[in-house]
Amino acid sequence: MKTLLLFTLLLSTSLFASFHGVILDKNTSLPIANAAISDSLYTTKSDANGSFFIDSKEKIYHIKAYGYRPFSFQEDNNSTVIKLEPIKVKALYLTFWGASNNSGTLKKILNLIDKTQANAVVVDVKNEYGSTSFWTKFEQANSYGAHKNRTNRNIKKFMQTMKEHNIYTIARIVTFKDELQASNNLEYAIKKEEDGSVWRNHDKMAWVDPFDKRSHEYTISIAEEAAKVGYDEINFDYIRFPAKAGLCFEDENTQKNRIKAIGDFLDQAQKRLKKYGVFISVDTYGNVCWAKDDNGIGQTVSSLAKHADYLCPMLYPSGFSSGSFYFKYPAEHPYDVVFRSIKTIRDRVDSSRVRPWLQYFKDYTNKRKPYKRKEIQAQIQATEDAGANGWMLWSPSSRYHLNYLIK
């Protein structure tokens, strides 16, 4: 009987480990409250003193705290002190074609990050067409040929290069705009009401229905592949309904239903990606910051803040219409557009969870104003003054000037 009892106790101990820990800021040694500590199933939070306790039968744990790099650990001791590295993410967009180990674009970006305040990259992992930038183990996408145009033939080498330069890595994954997935799954491709044919937008790309859970599982499976290879963050773009009338969907196309569909997707993504410890961010139109409804696309600041870690509004001054902010030409006022947009949503989401996309391209409105050092630095300064968690620069060609990025 004693032998059986001892065996039971030992088995219990081996299956469930109790961990007590304290989470501190690496630079200040101050405690970090509300950090999320997770295994693959459960999450607990650190208290005001940075202390946490977790019961689990797993060996690997992940910690996420806003404003810090994600951290993973494996610890056999019952007491541990963990120090997280603070970071304000300052990211450069790296195109699908630039994300090759041998590309000149990548080499230039690495040089910029070594010499400027930039410390992160946003890499196209799944683009608008539905192609993946590296070969994944997701057979459904591969069966459609998603890997055929891949630009990175050695993802391990790429991620190692990122680590060597201490670069924070963000995987951009286009969500519901997906020509490959839609054309191979016509039953849940978005269709026209008038004739039931597959709808394509102005660039001839089909979309999948955000109400259909199959579209959720597909994109999240690709996100999981990005998490597996070591990306720090998954950034979902086009995580919305098309801004177009006259389309057919699986469910009634109401604001309530749209918002729920986007929330359901993000909840499932959080659940599936929990075991990798990655942050989740979502891209939004810039005017979502100012809208009182969901703009017909299923996105509001309040609803997204409930499900994602970071919000990334596209605060391109050229994207705001004449009269916005009481300016005839908002593109001539880059600081005000960015600063005021971030400040207006602080009642719905803390500014430390906002990391906007900034404009690094020529104004496309009537004035055709070039965006150079003055305009880039004005936007960056606005994010700092508004308390945002850094910024992400959108250059469609991934071409950046050293002088524009040096403070």
Side-chain angles (χ1 to χ4, degrees), residues 91-106 109 120-155 158-159 162 169-185 189-190 198-210 215-243 265 269 278 280-285 312 314 316 357 360-361 392-399:
L92 307 178
Y93 167 64
L94 180 59
T95 68
F96 186 85
W97 303 106
S100 163
N101 290 304
N102 301 316
S103 79
T105 300
L106 176 61
I109 281 182
V121 291
V122 184
V123 183
D124 277 339
V125 167
K126 180 166 90 75
N127 64 12
E128 287 86 344
Y129 182 74
S131 295
T132 57
S133 59
F134 64 92
W135 184 86
T136 73
K137 293 181 180 179
F138 183 42
E139 290 301 328
Q140 184 180 355
N142 292 340
S143 72
Y144 304 153
H147 65 295
K148 287 185 177 180
N149 293 322
R150 65 188 184 279
T151 53
N152 194 305
R153 300 281 169 161
N154 191 338
I155 190 63
F158 179 82
M159 298 308 296
M162 297 296 107
T169 51
I170 304 170
R172 175 177 176 260
I173 295 180
V174 175
T175 307
F176 298 118
K177 183 181 181 183
D178 190 328
E179 170 65 27
L180 266 182
Q181 185 189 173
S183 59
N184 283 279
N185 295 276
I190 295 178
V198 174
W199 170 78
R200 288 178 168 83
N201 64 352
H202 65 279
D203 54 3
K204 307 303 179 184
M205 297 289 184
W207 291 48
V208 291
D209 190 342
S215 72
H216 297 196
E217 291 296 323
Y218 184 94
T219 297
I220 294 170
S221 293
I222 293 176
E224 190 170 4
E225 293 295 308
K228 286 177 183 176
V229 300
Y231 277 93
D232 296 304
E233 179 175 319
I234 305 299
N235 172 255
F236 290 113
D237 199 0
Y238 288 88
I239 180 171
R240 60 176 177 83
F241 286 73
F265 172 90
V278 293
I280 292 178
S281 60
V282 294
D283 295 338
T284 73
Y285 283 137
C312 305
M314 295 176 281
Y316 310 137
W357 282 101
Y360 197 104
F361 50 85
M392 302 190 293
L393 286 181
W394 180 268
S395 166
S397 63
S398 292
R399 294 176 183 170

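Atom-to-atom distance recorded for Gln140:CD and Gln181:CD is 7.0 Å, nearest 0.5 angstrom. Taking OG1 of Thr175 as the start and CD of Glu128 as the end, the distance is 10.5 Å to the nearest 0.5 Å. Atoms CG and OG1, from Leu94 and Thr169 in turn, are 11.5 Å apart once rounded to the nearest 0.5 Å. Note that CZ of Phe241 is 6.5 Å distant from CG of Asp209, once rounded to the nearest 0.5 Å. Separating the CD atom in Glu179 from the CG atom in Asn201 is a distance of 9.5 Å, to the nearest 0.5 Å.
Taking each heavy atom of Ile173 and Ala223 in turn, the nearest pair found is CD1-CA, 3.3 Å. Here the closest non-hydrogen pair linking Ile222 and Ala141 is CD1-CB, 4.2 Å. Closest heavy-atom contact between His147 and Trp135: CD2-CD1, 3.8 Å. In terms of heavy-atom proximity, Ser215 sits nearest to Pro210 at OG-CA, 4.2 Å. Considering every non-hydrogen atom in both Ala99 and Val123, the closest pair reads CB-CG1, 3.6 Å. Taking both residues in full, the closest heavy atoms of Met205 and Lys177 are given as CB-CE, 3.7 Å, listed atom of the first, atom of the second, then distance.
Not a single donor-acceptor pair under 3.5 Å links the side chain of Glu233 to the backbone N or O of Ile280. Checking side-chain atoms of Ser131 against main-chain N and O of Asn127 turns up no donor-acceptor pair under 3.5 Å. A side-chain donor-acceptor contact under 3.5 Å links Asn101 to the backbone of Phe158. At least one donor-acceptor pair closer than 3.5 Å links the side chain of Asn152 to the backbone N or O of Asn154.
Annotation: ring pair (Phe, Tyr, Trp, His ring centres under 6.0 Å) contacts of Phe138 (sequence neighbours excluded): Tyr218. For Glu217, the side-chain hydrogen bond (donor to acceptor under 3.5 Å, both in side chains) test picks out Gln268, Arg272, with sequence neighbours left out. Applying the side chain to side chain contact (heavy atoms under 4.5 Å, CB included) criterion to Thr95, with sequence neighbours excluded, gives Tyr93, Trp97, Ser398. Listed by chain and residue number, Trp207 satisfy the ring pair (Phe, Tyr, Trp, His ring centres under 6.0 Å) test with Tyr238 (two or more places apart in sequence, or in another chain). Remark: Ala91 pairs with Val89, Ala120, Val122, Ile170, Met392 by the side chain to side chain contact (heavy atoms under 4.5 Å, CB included) rule, at least two apart or across chains. Among residues two or more places apart in sequence or in another chain, the ring pair (Phe, Tyr, Trp, His ring centres under 6.0 Å) test is passed with Phe236 by Phe265.
Under the 4.0 Å criterion applied to side-chain N and carboxylate O atoms, Glu224 and Lys137 are not assigned as salt-bridge partners.
You'll find the side chain of Met162 stays beyond 4.5 Å of the side chain of Asp232, heavy atoms only. Looking only at side-chain heavy atoms (C-beta outward), Ile190 and Pro242 come within less than 4.5 Å of each other. Counting only heavy atoms from C-beta outward, the side chains of Ser133 and Arg172 never approach each other to under 4.5 Å. By the 4.5 Å heavy-atom criterion applied to side chains, Thr219 and Phe176 are not counted as neighbours. Ile155 is not listed as a side-chain neighbour of Glu225, based on a closest heavy-atom distance of 4.5 Å or more. With a 4.5 Å cut-off on side-chain heavy atoms, Lys228 and Thr136 do not count as touching. For the pair Met159 and Tyr231, the minimum side-chain heavy-atom distance is below 4.5 Å. Annotation: side chain of Ile109 is in contact with side chain of Val121 (closest heavy-atom distance under 4.5 Å).
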- [ ] Before giving the answer on side-chain hydrogen bond (donor to acceptor under 3.5 Å, both in side chains), spell out for Asp237 and Asn235 the whole-Å C-alpha distance, their side-chain angles and the decisive distance to 0.1 Å.
- [x] CA-CA 6 Å; Asp237 199 0; Asn235 172 255; over 6 Å; no
